[in-house]
Amino acid sequence: QLQLVESGGGLVQPGGSLRLSCAASGFTLDYYVIGWFRQAPGKEREGVSCISSSDGSTYYADSVKGRFTISRDNAKNTVYLQMNSLKPEDTAVYYCAALRWVPTVQEMCVVMFRYDYWGQGTQVTVSS
């Protein structure tokens, strides 16, 4: 069974950090673009950060640039999202997704509808 499983979410105070993990089973992440997306209550799902399958090129939304870091460990078949300096507006359900097609770096986080596999999501709440 092809599956993505997110973990690492939780409740954190403003300014705190969390590391989200996205583990794949049933397929190898090496050949997939991996994206992290989030959806806050009453808002549309948005692309947060994406990483290419080929050269590790990354994309970050302006709202998280300088605070979030995406990385992949192909040996562990896992992609991570390190989130630092968290703000209340980062509160959302975070999803990881895998895309076999190869878009441009700028397209990676935009072509949400093209992603092949999605995880179930993990809640991140930033609150004092």
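In this text, all values refer to a predicted model and were calculated from it rather than measured experimentally. Atom set for the values below is all heavy atoms of this structure, side chains included, hydrogens, waters and symmetry mates excluded.
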* side-chain contact (heavy atoms from CB on, under 4.5 Å) between Cys109 and Val48, worked out -> CA-CA 7 Å; Cys109 274; Val48 175; over 6 Å; no

* **Main-chain N/O of Thr122 paired to Glu6 side chain as donor or acceptor, under 3.5 Å** =>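 A pair under 3.5 Å: no.
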
* Asn74 side chain to Asn77 backbone, donor-acceptor under 3.5 Å -> no

How close do [X] and [Y] get, heavy atom to heavy atom, and via which atoms?
{"X": "Ala61", "Y": "Gly47", "value": "CB-O, 3.5 Å"}
{"X": "Ala98", "Y": "Leu29", "value": "CB-CD2, 4.5 Å"}
{"X": "Arg72", "Y": "Ser53", "value": "NH1-CA, 3.7 Å"}
{"X": "Thr91", "Y": "Gln123", "value": "CG2-NE2, 4.0 Å"}
{"X": "Thr78", "Y": "Ser21", "value": "CG2-CB, 4.2 Å"}
{"X": "Ala40", "Y": "Ala92", "value": "N-CB, 3.8 Å"}

* To do: Among Ile70, Ile34, Asp73, find the residue that satisfies the side chain to side chain contact (heavy atoms under 4.5 Å, CB included) test when tested with Tyr80.
  => Asp73

If you measure from [atom1] on [X] to [atom2] on [Y], what distance do you get to the nearest 0.5 Å?
{"X": "Tyr117", "Y": "Cys96", "atom1": "OH", "atom2": "SG", "result": "13.5 Å"}
{"X": "Ser17", "Y": "Arg19", "atom1": "OG", "atom2": "CZ", "result": "12.0 Å"}
{"X": "Arg114", "Y": "Met112", "atom1": "CZ", "atom2": "CE", "result": "14.0 Å"}

Hey, are the side chains of [X] and [Y] touching, using non-hydrogen atoms and a 4.5 Å cut-off?
{"X": "Gln82", "Y": "Phe68", "answer": "no"}
{"X": "Ser127", "Y": "Leu11", "answer": "yes"}
{"X": "Met83", "Y": "Val124", "answer": "yes"}
{"X": "Val33", "Y": "Ile51", "answer": "no"}
{"X": "Met108", "Y": "Ser52", "answer": "yes"}

Are [Y] and [X] co-members of a hydrophobic cluster defined by side-chain heavy atoms under 4.5 Å apart?
{"X": "Tyr115", "Y": "Tyr31", "result": "no"}
{"X": "Val102", "Y": "Val110", "result": "no"}
{"X": "Tyr94", "Y": "Val64", "result": "yes"}
{"X": "Val79", "Y": "Leu2", "result": "yes"}
{"X": "Leu86", "Y": "Leu81", "result": "yes"}

* Asked: What's the verdict on side-chain contact (heavy atoms from CB on, under 4.5 Å) for Val111 and Leu99, showing C-alpha distance, side-chain angles and the deciding distance?
  -> CA-CA 9 Å; Val111 290; Leu99 172 63; 4.1 Å; yes

* Derivation and outcome, side-chain contact (heavy atoms from CB on, under 4.5 Å), residues Tyr95 and Val93 -> CA-CA 7 Å; Tyr95 301 89; Val93 178; 3.5 Å; yes

* Residues two or more places apart in sequence or in another chain: which of them pass salt bridge (Lys or Arg N to Asp or Glu O under 4.0 Å) with Asp62? ->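 Residues passing salt bridge (Lys or Arg N to Asp or Glu O under 4.0 Å) with Asp62: Lys65.
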
* To do: Just say parallel, tilted or perpendicular for the rings of Tyr32 and Phe27, cut-offs at 30° and 60°.
  => perpendicular

* Mutual orientation of the aromatic rings belonging to Trp118 and Phe37 [parallel < 30°, tilted 30-60°, perpendicular > 60°] ->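 Rings of Trp118 and Phe37: tilted, as their planes differ by 30° to 60°.
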
* Partner residues of Ser25 under the side-chain contact (heavy atoms from CB on, under 4.5 Å) criterion, sequence neighbours left out ->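 With sequence neighbours excluded, Ser25 shows a side-chain contact (heavy atoms from CB on, under 4.5 Å) to Gln3, given in chain and number order.
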
* Give every residue pair that meets the salt bridge (Lys or Arg N to Asp or Glu O under 4.0 Å) criterion with at least one member in residues 88-109, sequence neighbours excluded. =>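 Listed by first then second residue: Arg38-Asp90, Arg67-Asp90.
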
* Measure from NZ or CZ of Arg45 to the centre of the six-membered ring of Trp36, then state whether that distance is under 6.0 Å and the direction lies within 45° of the axis. =>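 Relative to the ring axis of Trp36, which defines the angle, Arg45 lies outside at least one limit.
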
* Do the side-chain N and O atoms of Asp55 and Ser57 include a donor-acceptor pair separated by under 3.5 angstrom? ->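 Yes, side-chain donor-acceptor contact under 3.5 Å.
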
* To do: Apply side-chain contact (heavy atoms from CB on, under 4.5 Å) to the pair Val5 and Gln120, showing each step before the final yes or no.
  => CA-CA 7 Å; Val5 178; Gln120 82 291 348; 4.3 Å; yes

